[in-house]
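Since the structure is predicted, the reported quantities are computational estimates derived from the model, not experimental observations.
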Amino acid sequence: MRNVIYTISITLDGCCDHTKMVPDEEVFGAHLLREAELIIYGRKTYQLMVPYWPDVAKDPSSTKAEIEFADAFDSINKIVFSRSLDSPEDKNTRIVRTNLRDEVLKLKEEPGGDILVGGVDVPSQLIALGLVDEYRIAVAPVVAGEGRRLLEGVSLPEKLRLTLVESKIFESGYVLLRYLKQ
């Protein structure tokens, strides 16, 4: 069975607004895109990521780490859950309009590598449904003081217990935490 891995960067005070922090090259290098087979987004996150990362890959001022991440992003298969998106904006994307729970359960049963989920809305729904197996959270050494918070407004059926299985401290002050669902 494939694992669903939620990956996100947050500030020390739990803000997950991407404009409130900038990961450094070490954090880009630690990303999972090269190890996974598929990434799931909602429409809003997808439309933030595309065309941003494909443009980064073509920008001569981009760093080596940014270009590597952009190339990995461009090559990975993506599924976007959306009722309003008419067509994908890149070649490796499939839009899904069916039930999130049923589709992800089906994907977990298929052979293949891990499934990443990014953003806030779709992952929050998957967490509430108990379908996320692993959490990889990069904590930025920033206190934003404002902005959207992780799992804001989400009501879980019960407290979610996790086991810390790995942590890594970067020179920049970022901390990467890896948790498994108990």
Side-chain angles (χ1 to χ4, degrees), residues 1-21 23-24 26-46 48-49 69 72 76-81 96 98-182:
M1 180 178 280
R2 298 162 87 176
N3 286 321
V4 173
I5 302 171
Y6 180 33
T7 179
I8 193 164
S9 294
I10 62 171
T11 62
L12 189 59
D13 58 339
C15 176
C16 53
D17 181 338
H18 71 281
T19 65
K20 305 293 182 193
M21 66 201 114
D24 69 2
E26 282 185 295
V27 176
F28 277 121
H31 209 277
L32 292 174
L33 283 180
R34 290 173 202 84
E35 300 169 20
E37 189 171 296
L38 174 69
I39 191 159
I40 295 173
Y41 291 124
R43 178 194 53 81
K44 289 183 239 175
T45 302
Y46 176 72
L48 284 172
M49 301 293 275
F69 182 93
I76 195 168
N77 291 322
K78 300 165 205 70
I79 289 181
V80 179
F81 283 89
V96 176
T98 58
N99 180 283
L100 176 68
R101 178 187 174 279
D102 294 345
E103 183 70 24
V104 172
L105 283 172
K106 185 176 90 176
L107 289 168
K108 285 179 69 121
E109 293 295 329
E110 292 176 359
D114 289 333
I115 302 166
L116 299 180
V117 60
V120 180
D121 292 336
V122 167
S124 294
Q125 292 173 57
L126 292 173
I127 292 167
L129 291 167
L131 295 177
V132 175
D133 303 297
E134 184 175 325
Y135 298 78
R136 296 202 186 178
I137 300 171
V139 181
V142 172
V143 176
E146 64 180 5
R148 187 165 188 193
R149 299 292 187 252
L150 192 61
L151 298 176
E152 190 172 65
V154 173
S155 178
L156 297 175
E158 60 185 38
K159 187 185 297 184
L160 183 61
R161 299 208 178 268
L162 305 173
T163 301
L164 179 67
V165 293
E166 184 180 354
S167 64
K168 182 175 182 181
I169 300 170
F170 294 92
E171 284 184 33
S172 64
Y174 264 86
V175 178
L176 182 63
L177 303 169
R178 181 174 167 233
Y179 291 94
L180 297 178
K181 183 169 69 172
Q182 287 185 355

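- Atom-to-atom distance recorded for Ile10:CD1 and Tyr174:OH is 10.5 Å, nearest 0.5 angstrom.
- Nearest approach of Pro123 to Val117, heavy atoms of both residues: CG-CG2, 3.6 Å.
- Heavy atoms from other residues, nucleotides or ligands lying under 6.0 Å from CD of Glu171 number 12 at most.
- With respect to the salt-bridge test (charged N to carboxylate O, under 4.0 angstrom), the residues Arg136 and Glu134 qualify.
- Annotation for Gly147 and Cys15: closest pair CA-SG, 3.9 Å, computed over non-hydrogen atoms.
- Put simply, the side chain of Leu156 reaches to within 4.5 Å of the side chain of Val154, judged on heavy atoms.
- The backbone N or O of Asp13 lies less than 3.5 Å from a partner atom in the side chain of Arg149, making a donor-acceptor pair.
- Taking OG1 from Thr7 and CD1 from Ile5, the interatomic distance works out to 8.5 Å, rounded to the nearest 0.5 Å.
- Sorted by first and then second residue, the pairs that involve residues 109-122 and meet salt bridge (charged side-chain N to carboxylate O under 4.0 Å, His left out), not counting sequence neighbours, are Arg2-Glu110, Lys44-Asp121, Asp121-Arg148.
- Contact check for Arg178 versus Lys168: no side-chain heavy atoms found under the 4.5 Å cut-off.
- One finds the NZ atom of Lys20 at 15.0 Å from the OG atom of Ser9 (value rounded to the nearest 0.5 Å).
- More than 12 heavy atoms of other residues, nucleotides or ligands lie within 6.0 Å of CG in Leu164, so this atom counts as buried by the packing criterion.
- Proximity of Leu107 to Val4: side-chain heavy atoms (C-beta onward) are nowhere separated by under 4.5 Å.
- Side-chain atoms of Leu177 and Tyr135, non-hydrogen and from C-beta on, never get closer than 4.5 Å to each other.
- Side chains of Leu126 and Phe81 form no contact here, defined as non-hydrogen atoms less than 4.5 Å apart.
- Here the closest heavy-atom approach between residue Ser124 and residue Leu151 is recorded as OG-CD2, 3.5 Å.
- Taking 4.5 Å as the limit, some side-chain heavy atom of Leu105 sits within range of a side-chain heavy atom of Leu131.
- For the residue pair Tyr6 and Val120, the shortest heavy atom distance occurs at OH-CA, 4.2 Å.
- Remark: side-chain polar atoms of Tyr179 are not paired, donor with acceptor, to backbone N or O of Asp133 under 3.5 angstrom.
- The aromatic rings of Tyr41 and Tyr46 are tilted relative to each other, their planes meeting at an angle between 30° and 60°.
- Residues Ala128 and Ser155 come closest through the heavy atom pair CB-O, 4.3 Å.
- Between the CD1 atom of Ile39 and the CG atom of Asn77 there is a distance of 11.0 Å, given to the nearest 0.5 Å.
- Side-chain N or O atoms of Asn99 include one that pairs as donor or acceptor with a backbone N or O of Arg101 at under 3.5 Å.
- For the atom pair Arg161 CZ and Leu180 CG, the distance stands at 16.0 Å (nearest 0.5 Å).
- Residue Thr98 holds its OG1 atom at 4.5 Å from CD of Glu103, rounded to the nearest 0.5 Å.
- In this structure the side chain of Lys181 reaches within 4.5 angstrom of the side chain of Leu160, judged on heavy atoms.
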